[in-house]
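We're numbering straight along the sequence, starting at 1. What's counted below: heavy atoms across the whole structure, side chains too, no hydrogens, waters or symmetry copies. When a ligand or atom number is given, it counts from 1 through the structure's own listing order.
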Amino acid sequence: MKVLLVAAVVALIHGIAATLLIKGPSEPVLEGEHVTLECLYSDSELNISQVHFEVFSQYMQRWRTIWSGSWCFASMSTERTADSLVLFIPHAAVNNDGSYRCVSDGENGTAADMISPLLDFKVHYMRELSLTREGYRSYLGVPQELKVRLGDDVVLECDASSSEEPDFSWSRDGDDWILPSSTLTLRKISAMDEGHYTCMAEHPSVEALRRNRTISITVLSKDARWYESSNARFMLMTSAAAFSLLMLTFVVSASLFLFCRARRAAAFKGPIDDHYQKKPIYKTSVESLPSICADKQPLV
Ligand SMILES: *[C@@H]1O[C@H](CO)[C@@H](O)[C@H](O)[C@H]1NC(C)=O
Ligand SMILES: *[C@@H]1O[C@H](CO)[C@@H](O)[C@H](O)[C@H]1NC(C)=O
Ligand SMILES: *[C@@H]1O[C@H](CO)[C@@H](O)[C@H](O)[C@H]1NC(C)=O
């Protein structure tokens, strides 16, 4: 159980010094951890039953009372003990971030309208690292094994979604240099640049939050066939995907077209087609004239 840190400010109401306190975790909270907040009076004479928690809603730009049992606060529960009100958050999540306070809503007595100091609550996290190569589309990421042609430039960018901007560094297996940057730049790559490179990300305020990702770089000879490089493979993959999509679109539209035509043909078959009966028939002609250019009386 974490030591609770007391944040307190003296409130003077009706000339009587009394303080409403809020306690929260003393250490940074990680995603998924169990957290408790607590409201209590410095003066135990005051009745805690009229105290409740409030959280500032960024969305509504106002303070909202935390109701235990309301679906808005389904991830929390409150419990009243003899001299405190406790808020439980069993699995801290990013949406629990915010400013919390304790408010006394007693309408009578000296505790009326007392408000505790604010407690700013932040949940820390760091997601998996993502790598992108400069000049290449980022949505597929970089392969675990990057094959590049001799003399190419390789610029790799390491990134992570995190509650605070991480400290990044790059290193190479077997070497003792560390590049304190999120960007690894290898210009005019040569066989000497081959190896396993690791990007490391460390959370600036939570030591436990750190991630790493390793990528192997292989240098192909200058006369390597063009499709052997990761770049070409990527292009082939993309083209294959685009082609499949095109074919799929074609097949679907063709089927739709045929289906609609069949439907229309079926619909028109309904009543007996009296098309020919509206037109005059010529004795000498096998065909009738089109009705639009027909006279009222047939020419006999
Ligand atoms: C606090 O107030 C509630 C009713 O509002 C009452 O039932 C309870 O006995 C009071 N507790 C103390 C310690 O005065
Ligand atoms: C406190 O307020 C309630 C109503 O909110 C009232 O019934 C009660 O008599 C009040 N008590 C005192 C001591 O003023
Ligand atoms: C890299 O991360 C893995 C877990 O994903 C961990 O086991 C390993 O020790 C880390 N390596 C370094 C050098 O921190």
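The aromatic rings of Phe88 and His34 lie tilted to each other, with the angle between the two planes from 30° to 60°.
Contacts of ligand 3 (protein heavy-atom distance under 4.0 Å) are Met200, Asn212.
For the pair Asp153 (side chain) and Lys188 (backbone), a donor-acceptor distance under 3.5 Å is present.
Under the 4.5 Å side-chain criterion, counting only non-hydrogen atoms from C-beta, Glu134 is not in contact with Glu157. By the 4.5 Å heavy-atom criterion applied to side chains, Tyr41 and Ile48 are counted as neighbours.
Separation of atoms CG (Leu186) and CD (Glu194) is listed at 11.5 Å; rounding is to 0.5 Å.
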Passes side-chain contact (heavy atoms from CB on, under 4.5 Å), Val51 versus Ser104? Steps please. CA-CA 4 Å; Val51 171; Ser104 158; 4.1 Å; yes

